[in-house]
Asks: 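Here's a structure for you.
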Amino acid sequence: VWPVELKKINSKLRVLETPAPLLVPIIENGVKKLAKPFLKEYLKPVLKFKADSLVLGCTHYPMLKKEIAQLLPKGVRIYSQETILPEKLENYLKRHPEIDSRLSKKGRHEFMVTDLNVNLQAAAAELFGKKIPFKLAKY
């Protein structure tokens, strides 16, 4: 779906989609050190395509952003949600002050998860630089 949306912005855009099915299990199992050979394989079509930009299309992939950047030629831009979403949300809230005015400004964060394991806790601590108090979501 997203390539269609990108082409609405620029019809001359060339888009390559390439799957990377083993990266999520590698990240979720806390074995990022095993990712490099898989990244090399998954990035082969991207390198052959001579991409000038790479969109990390999964919430997990920013955890490997540094490793991915090391395998790409200099100048290839990497886009991922942790750099895009905050700015987009800020712009949205500026355009919709009625929503912004209803939001709490107390700075409280809750992290809800459907599965809590040591690998998730370690990854979150790496990402946020501190231990995260997760709450198990109950359905």
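The residues of the chain are indexed from 1 along the displayed sequence. Below, each value reflects all heavy atoms present in this structure, side chains not excepted, and no hydrogens, waters or symmetry copies. Everything quoted here is computed from the prediction, not taken from an experiment.
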Asks: For Lys88, check side-chain contact (heavy atoms from CB on, under 4.5 Å) against everything at least two apart and list the hits.
Replies: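 Only Ile84 meet the side-chain contact (heavy atoms from CB on, under 4.5 Å) criterion with Lys88.
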Asks: The criterion is side-chain contact (heavy atoms from CB on, under 4.5 Å); which residues satisfy it with Leu136, sequence neighbours excluded?
Replies: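 Here the qualifying residues are Val113, Leu116.
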Asks: Keeping Gln81 on the side-chain end and Thr59 on the backbone end, is there a donor-acceptor pair under 3.5 Å?
Replies: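 Yes.
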Asks: I'd like to check the salt bridge (charged side-chain N to carboxylate O under 4.0 Å, His left out) partners of Lys8; sequence neighbours left out, ordered by chain and number.
Replies: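 Only Glu5 meet the salt bridge (charged side-chain N to carboxylate O under 4.0 Å, His left out) criterion with Lys8.
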Asks: Taking only residues two or more places apart in sequence or in another chain, which ones pass ring pair (Phe, Tyr, Trp, His ring centres under 6.0 Å) with Tyr79?
Replies: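 Tyr79: no ring pair (Phe, Tyr, Trp, His ring centres under 6.0 Å) contacts found.
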Asks: With sequence neighbours excluded, what pairs up with Glu82 under the side-chain contact (heavy atoms from CB on, under 4.5 Å) test?
Replies: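 Counting only residues at least two positions away or on another chain, Glu82 forms a side-chain contact (heavy atoms from CB on, under 4.5 Å) with Pro62, Lys65, Ser80.
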Asks: Would you say that Phe134 contacts Gln121 through its side chain, given a criterion of any heavy-atom pair below 4.5 Å between the two side chains?
Replies: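 When only atoms from C-beta onward are counted, Gln121 and Phe134 do touch, with a gap below 4.5 Å.
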Asks: For Lys94, which residues count as a salt bridge (charged side-chain N to carboxylate O under 4.0 Å, His left out) partner, sequence neighbours excluded?
Replies: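 With neighbours one apart ignored, the set is Glu90.
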Asks: Got Ile27 and Met63 here, is their nearest side-chain heavy-atom distance under 4.5 Å?
Replies: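 Yes. Closest side-chain heavy atoms under 4.5 Å.
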Asks: Got a donor-acceptor contact below 3.5 angstrom from the Asp52 side chain to the Val76 backbone?
Replies: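 Absent.
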Asks: Is there side-chain contact between Cys58 and Leu23, with at least one heavy-atom pair below 4.5 Å?
Replies: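 Of all side-chain heavy-atom pairs linking Leu23 with Cys58, none is under 4.5 Å.
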Asks: Has Glu98 got more than 12 heavy atoms of other residues, nucleotides or ligands less than 6.0 Å from its CD?
Replies: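 Atom CD in Glu98 is packed in, count exceeds 12.
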Asks: Answer with yes or no whether the hydrophobic clustering places Leu16 together with Tyr61; edges join I, L, V, M, F, W, Y residues whose side-chain heavy atoms lie under 4.5 Å apart.
Replies: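 Yes, Leu16 and Tyr61 fall within the same hydrophobic cluster.
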Asks: So do Leu64 and Ile68 actually touch side chain to side chain, heavy atoms under 4.5 Å?
Replies: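 A side-chain contact under 4.5 Å exists here.
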Asks: Can you tell me how far the CG atom of Leu71 sits from the CG atom of Leu54, to the nearest 0.5 Å?
Replies: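 Nearest 0.5 Å value for the CG-CG distance: 11.0 Å.
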Asks: Hey, could you give me the CD1/NE2 distance between Ile132 and His109, rounded to the nearest 0.5 Å?
Replies: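 Ile132 atom CD1 to His109 atom NE2 measures 9.0 Å (nearest 0.5 Å).
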Asks: Taking salt bridge (charged side-chain N to carboxylate O under 4.0 Å, His left out) as the test, write out the residues that go with Lys12, two or more places apart.
Replies: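 Checked Lys12 against salt bridge (charged side-chain N to carboxylate O under 4.0 Å, His left out); zero matches.
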Asks: Applying side chain to side chain contact (heavy atoms under 4.5 Å, CB included) to Val118 and Leu120, what does each step give before you reach the verdict?
Replies: CA-CA 5 Å; Val118 70; Leu120 171 65; over 6 Å; no
Asks: Sequence neighbours left out, cut at 3.5 Å: what donor-acceptor pairs do the side chains of residues 36-48 make with other protein atoms?
Replies:
| from | atom 1 | to | atom 2 | distance (Å) |
| --- | --- | --- | --- | --- |
| Glu41 | OE1 | Lys44 | NZ | 3.1 |
| Tyr42 | OH | Leu22 | N | 3.1 |

Asks: Which side-chain hydrogen bond (donor to acceptor under 3.5 Å, both in side chains) pairs, counting each pair once, include a residue from residues 123-132, with sequence neighbours left out?
Replies: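 Listed by first then second residue: Lys32-Glu126.
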Asks: Does one hydrophobic cluster hold both Val15 and Ile78, with members joined at side-chain heavy-atom distances below 4.5 Å?
Replies: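 Different clusters.
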Asks: Donor-acceptor pair, Arg14 side chain versus Phe49 backbone, under 3.5 Å?
Replies: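 Yes.
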Asks: Just jot down the salt bridge (charged side-chain N to carboxylate O under 4.0 Å, His left out) partners of Lys7, sequence neighbours excluded, or say none.
Replies: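 By the salt bridge (charged side-chain N to carboxylate O under 4.0 Å, His left out) rule, Lys7 matches no residue at all.
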Asks: Could you work out, with side-chain contact (heavy atoms from CB on, under 4.5 Å) as the rule, every residue matching Leu103, not counting sequence neighbours?
Replies: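 Here the qualifying residues are Leu93, Asp100, Lys105.
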Asks: Check step by step if side chain to side chain contact (heavy atoms under 4.5 Å, CB included) holds for His60 and Val24.
Replies: CA-CA 6 Å; His60 290 67; Val24 169; 3.7 Å; yes
Asks: For His96, check ring pair (Phe, Tyr, Trp, His ring centres under 6.0 Å) against everything at least two apart and list the hits.
Replies: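 If we apply the ring pair (Phe, Tyr, Trp, His ring centres under 6.0 Å) test to His96, skipping adjacent residues, the hits are Tyr92.
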